[in-house]
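These notes are about the structure you will find just below.
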Amino acid sequence: MSKLPIGLTIAGNDPTGGAGILADMKAMHSREVYGMAVITSLTAQNTLGVQDVFNVPVDFIDKELKSVFDDELPHALKTGMIAEADMMTLVAKYIKKYKIPYVMDPVMIATSGDRLMTDQSMNTLINELIPLADIITPNLHEAEAIAGMKITSEEDIKVALKIMREDMGASNVIIKGGHLEGDAIDYLYDGNDIFTLSANRIDTNQTHGTGCTFSAVLTAELAKKKSVMEAFKTAKAYITDAIQNSPNIGRGNGPVNHFSYKED
Ligand SMILES: Nc1ncnc2c1ncn2[C@@H]1O[C@H](COP(=O)(O)OP(=O)(O)OP(=O)(O)O)[C@@H](O)[C@H]1O
Ligand SMILES: Cc1ncc(CO)c(N)n1
C-alpha cells in the first residue's frame, strides 16, 4: 500500500519539458504527489512549435496501462494529448474498469497552433471520455469545438458549461479563460452553481503548457482527496504564480516555473 498519494497522467511527451507528461510530473511532484506516466505520443516539439508527432501504437499503450494498473492503483488520473479515437476507446476502458477520479484535459491544439488531435476523434472524445470525467478543463477554443457553438461572451460560457455537464455528462466543467481579453477568469460549473476564479492577466508569451500544468495540479489535489473546489483554487493559484515567475527558457512560447508556488 502506497504511503504517498499517486497521480497518473496519460498524455504525450514534449522533449523540452514545457507541456505534456513532463509538465505533469513537475506539477505533481511539486504538489507532493508521486507521479506516473503512460505516454500516448512522442512529439518533436519545442517552444517554437511542434515539428513532428509519432503516435505510440495502441497495443503498446494497452501494455503500458496494464503494467501500471496490474501493480498499484493511482488515486487520481488525468488525460492530456490523446491523438486518435482508438486510443481514447482504450483509455476509456481502463477508466471504466478502475473508477479512479479522472480529470480530462481535452488537448486539441498546442500553444503554437499545431494540431494534437485528429478531427475524427471529436465524437469519441465526447461520447466515451467526457461522460467518465470528474472534471473536464477545456480552454475557450476547445469548449467551442466540444459544445459546438461560438463563445464570445460570459453568457455563451454559461451555456457551454451546461451543455458539457447536462448533455454530455462530465461531473464538473472548468472553462479556462486564458484566451479571453481582460483578466484571466476561469469558470467552474458543478451542476448547482457557477464559480469563477480570476487573476490579473500577465502580459507574457511564457504560457507553454499552462493547460497541462493546471490539470495536473487538479489531479494531484484530487489524489490527496481534496474537493473539486479546493483543487480548483490551488490549481489557479499555482498556475498564476508559475506564469508570473516563468524561467524564460527557449526562443518561443516558454514554459512556466514549477519551483516558485508556495501555499499561504
Ligand atoms: N496570460 C495569463 N495570465 C494569467 N493567467 C493565465 C494567462 N494565460 C493563461 N492563464 C491561466 O492559465 C490556465 C490555463 O489556461 P489556458 O487557457 O492557457 O489553457 P490552455 O490553452 O489549455 O493551455 P496550453 O497552452 O497548455 O494548451 C488558466 O487558469 C488560465 O486562466
Ligand atoms: C505533448 C503535449 N501535450 C499537450 C500540449 C498542449 O499544451 C502540448 N503542446 N504538447
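Position 1 is the first residue of the sequence, and the numbers go up from there. We count ligands from 1, going down the list as the structure has it; atoms in each ligand are counted the same way.
- The heavy atom nearest to atom 5 (N) of ligand 1, out of those in A237, S198, A184, A199, is found in A184.
- Within the 3.5 Å criterion, the main-chain N or O of M81 finds a donor-acceptor partner in the side chain of T40.
- Under a 4.0 Å criterion applied to the non-hydrogen atoms of K176, ligand 1 contributes the atoms 14 (C), 15 (O), 17 (O), 19 (O), 20 (P), 22 (O).
- Note on ligand 1: G209 sits in its first shell, one or more heavy atoms being nearer than 4.0 Å.
- Remark: the backbone N or O of F214 is not paired with any side-chain donor or acceptor of K176 at under 3.5 angstrom.
- Between K225 and E230 there is no salt bridge, since no side-chain nitrogen of the basic residue lies less than 4.0 Å from a carboxylate oxygen of the acidic one.
- Of the N or O atoms in T210, one or more lie within a sub-3.5 Å distance of an N or O in ligand 1.
- Ligand 1 does not have T240 within reach: every non-hydrogen atom of the residue lies 4.0 Å or more from it.
- R165 contributes a side-chain N or O that, together with a main-chain N or O of S171, makes up a donor-acceptor pair within less than 3.5 Å.
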Side-chain atoms of residues 137-147: list all donor-acceptor pairs with protein atoms under 3.5 Å, sequence neighbours left out, distances to 0.1 Å.
residue : atom : partner : partner atom : Å
T137    : OG1  : D105    : OD1          : 3.2
N139    : OD1  : H141    : N            : 3.1
N139    : OD1  : E142    : N            : 2.8
E142    : OE1  : N139    : N            : 2.8
E144    : OE2  : K150    : NZ           : 3.4
E144    : OE2  : I151    : N            : 2.7

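- Close N/O approach between D105 and ligand 1 is not found [any backbone or side-chain N/O within under 3.5 Å].
- Considering I136, L222, L129 in turn, L129 is the only one that fulfils the side chain to side chain contact (heavy atoms under 4.5 Å, CB included) rule with Y102.
- Near ligand 2, heavy-atom contacts under 4.0 Å come from G12, N13, A19, G20, Q45, M81, V107, A110, L116, C212.
- Judged by distance alone, the side chains of N257 and Q244 never bring a donor and an acceptor atom under 3.5 Å apart.
- Proximity of I239 to ligand 1, defined as any heavy-atom pair under 4.0 Å, is confined to the side chain (atoms from C-beta onward).
- Where the criterion is an N or O separation shorter than 3.5 Å, residue side chain and backbone included, I202 meets it with respect to ligand 1.
- Looking at N200, N139, D186 and measuring to atom 20 (P) of ligand 1, the nearest heavy atom belongs to N139.
- Under 4.0 angstrom from ligand 1, there are no non-hydrogen atoms of H208.
- Checked against side chain to side chain donor-acceptor pair (under 3.5 Å), K226 has no partners two or more places apart in sequence or in another chain.
- Residues R251 and T47 approach most closely at N-OG1, 3.2 Å, considering heavy atoms.
- There is a side-chain donor-acceptor pair under 3.5 Å between T118 and S121.
- A donor-acceptor contact shorter than 3.5 Å is absent between the side chain of N205 and the backbone of N253.
- Within ligand 1, the atoms closer than 4.0 Å to a non-hydrogen atom of F214 are 29 (O), numbered from 1 in the order shown.
- At a 3.5 angstrom cut-off on N or O pairs, G211 counts as close to ligand 1.
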Exercise answer: donor-acceptor pairs, residues 88-100 side-chain atoms, under 3.5 Å, sequence neighbours excluded:
residue : atom : partner : partner atom : Å
T89     : OG1  : A85     : O            : 3.2
T89     : OG1  : E128    : OE1          : 2.9
Y94     : OH   : D62     : O            : 3.2
Y94     : OH   : D62     : OD1          : 2.6
K99     : NZ   : K96     : O            : 3.3

